[in-house]
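Here's the structure, in structure tokens; my notes come after.
Chain letters run A, B, ... following the sequence lines, proteins first and then strands; every chain starts at 1. All values below were derived from every heavy atom in this structure, side-chain atoms included, with hydrogens, water molecules and symmetry-related copies excluded.
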Amino acid sequence: MAHWLFKSEPFKWSWDMQVAAGAEGTFWNGVRNHLAKQNMMKMKIGDTGFFYHSNEGKEIVGIVEVIREYYPDHTDETGKFVMVDIKAVRPLPRAVSLAEIKQVPELQTMSLLTSARLSVQPVTDGEWDVILKRAGA
DNA sequence: GCCAACGTTGGC
DNA sequence: GCCAACGTTGGC
């Protein structure tokens with residue numbers, strides 16, 4: 001079971017909107033980066049991920065689950081990119097901010113710090129556990 | 001609003 | 001196929 005991190009600007013697509021989408025979830029479209037695409041192609045149903053608010057908030061606010069594996073992104077006219085479906089699982093009891101992550105030695109290798117602009121990132125089991133613990137989950 | 005990082009494009 | 005120019009992302 002792999003873990004991931006999905007980044008979204010809350011005024012475009014927020015955690016609240018993801019929660020409102022319910023158990024049916026939504027497609028995660030609009031990714032136009034090949035590394036992010038490759039990450040999405042590795043995702044399996046049941047994989048879990050963090051939902052991160054970029055720009056405003058700059059914190060991990062919730063946990064999502066992959067409910068459909070990759071298929072063509074219909075909003076991509078070049079036909080090269082893909083998307084997956086995800087659903088909200090639960091919010092974190094306490095959001096974990098970027099500023100906090102920067103201060104945790106075990107999290108210095110996170111893609112969030114090393115590949116700041118990548119919108120879909122892998123999260124290791126170790127990083128996953130450390131963040132869950134800090135979130136009180 | 002600025003700017004660094006970095007991915008993409010396009011001329012050669 | 002290289003690399004400079006350009007555009008975009010996202011933290012500050």
| task | Evaluate the side chain to side chain contact (heavy atoms under 4.5 Å, CB included) criterion for residues A:Lys44 and A:Met1: first the C-alpha distance (whole Å), next the side-chain angles of each, then the deciding distance (0.1 Å), finally the verdict. | result | CA-CA 8 Å; A:Lys44 301 290 179 202; A:Met1 178 84 62; over 6 Å; no

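- Taking the six-membered ring where tryptophan is involved, the planes of A:Trp128 and A:Phe50 are essentially parallel, since the angle between them stays under 30° and well short of 60°.
- For the pair A:His53/A:Glu9, no side-chain contact is recorded, criterion being any heavy-atom separation below 4.5 Å from C-beta on.
- The other residues sharing a hydrophobic cluster with A:Val64 are A:Trp4, A:Phe6, A:Trp13, A:Trp15, A:Met17, A:Val19, A:Trp28, A:Val31, A:Met40, A:Met41, A:Met43, A:Phe51, A:Val61, A:Val66, A:Tyr70, A:Val82, A:Val84, A:Ile86, A:Val120, where clustering joins ILVMFWY side chains under 4.5 Å apart.
- DNA chain C lies under 4.0 Å from at least one heavy atom of each of the following residues of residues 98-112 of chain A: A:Leu98, A:Lys102.
- Between the CZ atom of A:Arg117 and the CG atom of A:Leu35 there is a distance of 12.0 Å, given to the nearest 0.5 Å.
- Heavy-atom neighbours of A:Arg94 CZ from other residues, nucleotides or ligands within 6.0 Å: above the threshold of 12.
- For the helix from B:dG1-C:dC12 to B:dC12-C:dG1, the axis fitted to the five pairs at one end and the axis fitted to the five pairs at the other end meet at an angle of 10° (nearest 10 degrees).
- In this structure, A:Ser111 and A:Pro122 have side chains that are in contact, with non-hydrogen atoms separated by less than 4.5 Å.
- Taking every heavy atom of residues 33-41 of chain A and every atom of DNA chain B, pairs under 4.0 Å involve A:Asn33, A:His34, by number.
- Bracketed by its first and final contacts, the part of DNA chain B lying under 4.0 Å from non-hydrogen atoms of chain A reaches from B:dA5 to B:dT8 in 5' to 3' order.
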| said: A:Asn39 vs A:Leu118, test: side chain to side chain contact (heavy atoms under 4.5 Å, CB included). Steps then yes/no. | reply: CA-CA 10 Å; A:Asn39 287 334; A:Leu118 185 61; 4.0 Å; yes

Pairs under 3.5 angstrom only: tabulate donor-acceptor contacts from the side chains of residues 129-137 of chain A to other protein residues two or more places apart or in another chain.
unit_1, atom_1, unit_2, atom_2, d
A:Arg134, NE, A:Glu100, OE2, 2.8
A:Arg134, NH2, A:Glu100, OE2, 3.4

| request: List the steps and the verdict of side chain to side chain contact (heavy atoms under 4.5 Å, CB included) for A:Phe81 and A:Asn29. | output: CA-CA 9 Å; A:Phe81 291 96; A:Asn29 71 325; over 6 Å; no

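- Using a 3.5 Å distance cut-off with no hydrogens or angles, the side chains of A:Arg32 and A:Thr75 do pair a donor with an acceptor.
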| said: Is there a side chain to side chain donor-acceptor pair (under 3.5 Å) between A:Gln18 and A:Thr26? Walk through the geometry before answering. | reply: CA-CA 7 Å; A:Gln18 188 68 56; A:Thr26 52; 3.2 Å; yes

